[in-house]
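First comes the structure, then the notes that go with it.
Just so you know, these numbers come straight off a predicted model, no measurement behind them. Order of the sequence lines fixes the chain letters, A, B, ..., with proteins taken first and strands second; residue numbering starts at 1 for each chain.
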Amino acid sequence: MAAQAKYTLPDLPYKHDALEPHISAQIMTLHHTKHHQTYINNLNAALTSLTTAVSKNDIVSQLHLQEAIKFNAGGHVNHSIFWENLIPFSSPNAQPSAAPKLCVALIARFGSVEKFQEKFNAVLLGLKGSGWGWLVQDIESGNLEITTSKDQDIVPVGKKPLLGIDMWEHAYYLQYLNDKGSYAKGIWKVVNWKKVEERFESTLEGVFGTLAGLRNNL
Amino acid sequence: MSATLFRTSTAARSALRAGASSRAAAIASTSFVRGKATLPDLPYDYGALEPSISGKIMELHHKNHHQTYVNGFNAATEQNQAAEAKQDIAAQVALQPLINFHGGGHINHTLFWENLAPSKNGGGGEPTGQLKNVIESSYGDFSSFKTKFNGALAGIQGSGWAWLVKDNETGQVQIRTYANQDPVVGKYTPLLGVDAWEHAYYLQYQNRKAEYFSAIWDVINWKAVEGRLK
């Protein structure tokens, strides 16, 4: 039997305190080393069980494992996307001007970058429970869209994720408590616009393929 | 089911039936102005559930989170009344998710506060009487029930609640989980609810949610739970 694939926690492209004051070091540390790690641990455990079920031709167990795989793999993918589309406020890449082509498309679609941000935040605040807000590009039409996914669902087939914002309470609660509106506002100060532009210009394979941590050790 | 829900206490009754008193007035005037849902008082102080749940969590959870559901429910029902008046069915249907979410949040939290109690007021311990019998009939013994309930809480993927419910058809009890603020309605009567949203524990337990699930048993108001069984 082939060795079991193991996914590992990617390093952050900045220090845990680098997004202060918009996201506290305590939040980033817990979010990265505990929450993200837990998704990876549970994903690896589920995949090990899946390998066993496959080797036994146990189709029922394979089906039962789908939910755990979807949730934990989704958590791994989403957080990997999230870390990379954030950057310290002091970086020039934290300005929309670092994404000139995307800004043209955003203005064409939403009127202005500010209007896009307002719309995006309204969508974030409309989430009922845990989930994510996304700027995606429809692969067929090329259109930009704001969308949400619940819990750890990843963006659906046919859409390319450009920017993902975590709206689980663990992403902001220690700092913002129930004031999620202030979190949604503050996060724009630490968006890595250059990274979002790269994804805008890249293929779907390019977006996912460059994510550290999504390559297993096989 | 609603009888059980509304019987829990004066506070819960007034919170969940705020419309009752003004309904008569509305009928009399035919102007269809309905009473608003209101935040119920907690039956104990914010700090009373320490160390299981910190006073800060209880205060934010009650004064801010629960209040937001109450406000959201009132806003959505107001819009729904406007849509009804215009016979705009599409708008009424579109409002249902908001009513379910905020109305569910209001019901769930109201039940939650009442099925908790400080240990000096009888919180913790084990169920007795009829409740003990039905739990043992479904789960063998109390300890197995607790293990199963904690497993259900831990298995929630995202925000949600775990409930001990009574199946209204068979009279048997079972553990069920509900996503987000979906309320226990229809075929089931809610007996005991535990909030597994991160805001219910994060300030104290952070990602160690299993510790919250384990500590909450010290402040369960089994008398209130038993009262809902009847």
*Most chain A-contacting option - heavy-atom pairs closer than 4.5 Å, from Asn207(B), Leu60(B), Leu98(B), Thr68(B)*: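 Going by pairs under 4.5 Å, I would pick Asn207(B).
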
*Does Gln157(B) reach the main-chain N or O of Phe71(A) with its side chain, forming a donor-acceptor pair under 3.5 Å?*
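The answer is no, because no donor-acceptor pair under 3.5 Å joins these two groups.
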
*asked:* Counting only heavy atoms not in Glu145(A) (residues, nucleotides, ligands), do more than 12 fall under 6.0 Å from its CD?
replied: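 Yes, enclosed.
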
*Around atom CD1 of Ile89(B), are there more than 12 heavy atoms of other residues, nucleotides or ligands at under 6.0 Å?*
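Not buried by this count: 12 neighbours or fewer within 6.0 Å.
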
*Does the side chain of Leu203(B) reach to within under 4.5 Å of the side chain of Leu174(A), using non-hydrogen atoms?*
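In short, these two side chains touch, coming nearer than 4.5 Å.
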
*Taking side chain as C-beta onward, heavy atoms only, is Lys150(A) less than 4.5 Å from Asn180(B)?*
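No; the side chains remain at least 4.5 Å from each other.
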
*Parallel, tilted or perpendicular: which describes the rings of His35(A) and Tyr202(B), with under 30° parallel and over 60° perpendicular?*
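Aromatic pair His35(A)/Tyr202(B) classed parallel.
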
Quick one: [atom1] on [X] to [atom2] on [Y], what's the gap to the nearest 0.5 Å?
X: His66(B); Y: Asn178(A); atom1: NE2; atom2: CG; answer: 14.0 Å
X: Thr38(A); Y: Lys209(B); atom1: OG1; atom2: NZ; answer: 8.5 Å
X: Lys128(A); Y: Ser159(B); atom1: NZ; atom2: OG; answer: 13.0 Å

*Against chain B, label Gln152(A) side chain, backbone, both or neither, depending on which of its atoms sit under 4.5 Å from a heavy atom there.*
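No part of it gets close to chain B.
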
_Atom group of His65(B) that falls short of 4.5 Å from chain A, counting heavy atoms_ =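 The side chain, not the backbone.
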
